Amino acid sequence: MVTVLSPRPDLWTLDPGVLHLNHGSYGAVPRRTQDVMAALRIEMDANPMVWFRTVADRLTTSRLALAAFLETDPAGFALVPNASAGVTVALATLPIPAGSRIVLTDHTYGAVRYAAERFAKAHQAEIVIVHIPLEADDDTVVSLIAERLDNASVLIVDQITSGTAKVLPVDALVEAAHAHGVPIVVDGAHAPALIDAPAASGADFWTGNFHKWPAAPRATAGLVVAERWRTATMPLIVSWSEYDERMPERFDMQGTYDYVPWIAAPESLRVLADLDWPTRRPQLTALVEEGARIVAKSLGTGVAEVVHPPTTMRLVELPSSVDLSGGDALKMRISRELKAEITFTGFEDRKFIRLSAHAYNSVADYQKLSEGLSRVLA
């Protein structure tokens, strides 16, 4: 019999007077990890010279722990600030001939699309956006993308889409891309802690954030590089480790960068372990599903039928009368009047609230949100 685990808001320092229902954007760092970070900062500023002489060994220890969490080859795993930076590194590494295509989907994260557009302009390449219906099944996703890979220099796909919380069939997409001789970059921003061994698909580049579901400090992410690209893969910032022959190490030392988040990140993995994450994760999936139904019922709408079995995000359809042209102002009003933090998203002509769940949430959070939301949205 599976034990139903209780919420653990005591492990965080989140304001208890606020409904925190958007973990998927900026995460939330556990109290224990904050304590580790604070101690590291005191140590760093007590003797900066000693700190920077010894920080490399600590970075190696942290990097190996994070690679082990992903179940990936540590020789191809580098630390980067976020998944957008990881995608940018990949695009800076891959050959993009003039006249070739950079293929994306219409679910691609905005910053990643901007990066693709920058490189396309620099290389006189073409951006191709593949339309993927929100409710498309895996076979349809693969078919729609595969038929647009002619003359492609790179395919960029999400593992779990940020705006639409949709899980894409990455393994099959890697196979399709490679069958066309096309390198593939997987934006796994939301994948760590939600998908087991998320970087194991054989993609040329995979990148993912640790500040989201692993609840590590912000500006902690990983880049996994296939062996054939490791020699050519360089950090975006030229620093003292630029000419290190080893691919992961050359990403470690970036001058006076703040290394505290990277060093403290494994403490958040220990918090997940103490939370019995393999048991808790499916319970959080069930929680956000129930919460989404509660909120949708209060609005007289429904929950989007998106392919997302392992995720802890759901889309609640908004009434057609809701105007999101001032989305930030509306979020601020909900924050002020309902003491709730949520986010809005849209796809085609549809508008949604994207709800999240983590170990500090309970069904009461979604019930409280539902009680006042229809009034604010009216």
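Please read all numbers here as calculations on a predicted model, not as lab measurements.
Between S268 and T33, the side chains place a donor N or O and an acceptor N or O closer than 3.5 Å (distance only, hydrogens not considered).
Listed by first then second residue, pairs satisfying salt bridge (Lys or Arg N to Asp or Glu O under 4.0 Å) with a partner in residues 92-109 read R101-E126, not counting sequence neighbours. Legend: ring pair (Phe, Tyr, Trp, His ring centres under 6.0 Å) pairs involving residues 264-301, not counting sequence neighbours, sorted by first then second residue: W277-H358. Counting only residues at least two apart or in different chains, side-chain hydrogen bond (donor to acceptor under 3.5 Å, both in side chains) contacts with residues 11-20 comprise T13-Q34. Annotation: ring pair (Phe, Tyr, Trp, His ring centres under 6.0 Å) contacts involving residues 40-71, sequence neighbours excluded, are absent. Annotation: salt bridge (Lys or Arg N to Asp or Glu O under 4.0 Å) contacts involving residues 364-377, sequence neighbours excluded, comprise E337-R375. Here salt bridge (Lys or Arg N to Asp or Glu O under 4.0 Å) pairs that include residues 34-50, with residues two or more places apart or in two chains, are R41-D258, E43-R58.
Within 6.0 Å of CZ on R350 lie more than 12 heavy atoms contributed by other residues, nucleotides or ligands.
P9 has its side chain out of reach of P16: every pair of non-hydrogen atoms, C-beta onward, lies at least 4.5 Å apart.
Qualifying side-chain contact (heavy atoms from CB on, under 4.5 Å) partners for N47, counting only residues two or more places apart in sequence or in other chains: M49, V50. A search for salt bridge (Lys or Arg N to Asp or Glu O under 4.0 Å) contacts involving K351 returns nothing, not counting sequence neighbours. In this view, R63 and E249, D252 satisfy the salt bridge (Lys or Arg N to Asp or Glu O under 4.0 Å) rule, not counting sequence neighbours.
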Atom pairs and distances, donor-acceptor, side-chain atoms in residues 139-151, under 3.5 Å, two or more places apart:
residue : atom : partner : partner atom : Å
T140    : OG1  : D137    : OD1          : 2.7
N151    : ND2  : G99     : O            : 2.9

Can you give the donor-acceptor pairs under 3.5 Å from side chains of residues 108-115 to other protein atoms, not counting sequence neighbours?
residue : atom : partner : partner atom : Å
T108    : OG1  : T105    : N            : 3.2
T108    : OG1  : T105    : O            : 2.9
R113    : NE   : E117    : OE2          : 3.2

When the side chains of residues 213-230 are checked against the rest of the protein, which donor-acceptor pairs come out under 3.5 Å, sequence neighbours left out?
residue : atom : partner : partner atom : Å
W213    : NE1  : H190    : ND1          : 3.3
R218    : NE   : Y26     : O            : 2.9
T220    : OG1  : P217    : O            : 2.9
W229    : NE1  : D204    : OD2          : 2.8
R230    : NE   : V225    : O            : 2.8
R230    : NH1  : D73     : OD2          : 3.3
R230    : NH2  : D73     : OD2          : 3.3
R230    : NH2  : V225    : O            : 3.3

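A donor-acceptor pair under 3.5 Å is formed between the side chain of Y259 and the backbone N or O of Q254. The backbone N or O of S162 lies less than 3.5 Å from a partner atom in the side chain of R354, making a donor-acceptor pair. T161 contributes a side-chain N or O that, together with a main-chain N or O of A165, makes up a donor-acceptor pair within less than 3.5 Å.
A salt bridge is absent between R8 and D274; no separation between the charged side-chain nitrogens and carboxylate oxygens falls under 4.0 Å.
Rounded to the nearest 0.5 Å, atoms CG (L59) and CH2 (W262) are 7.0 Å apart.
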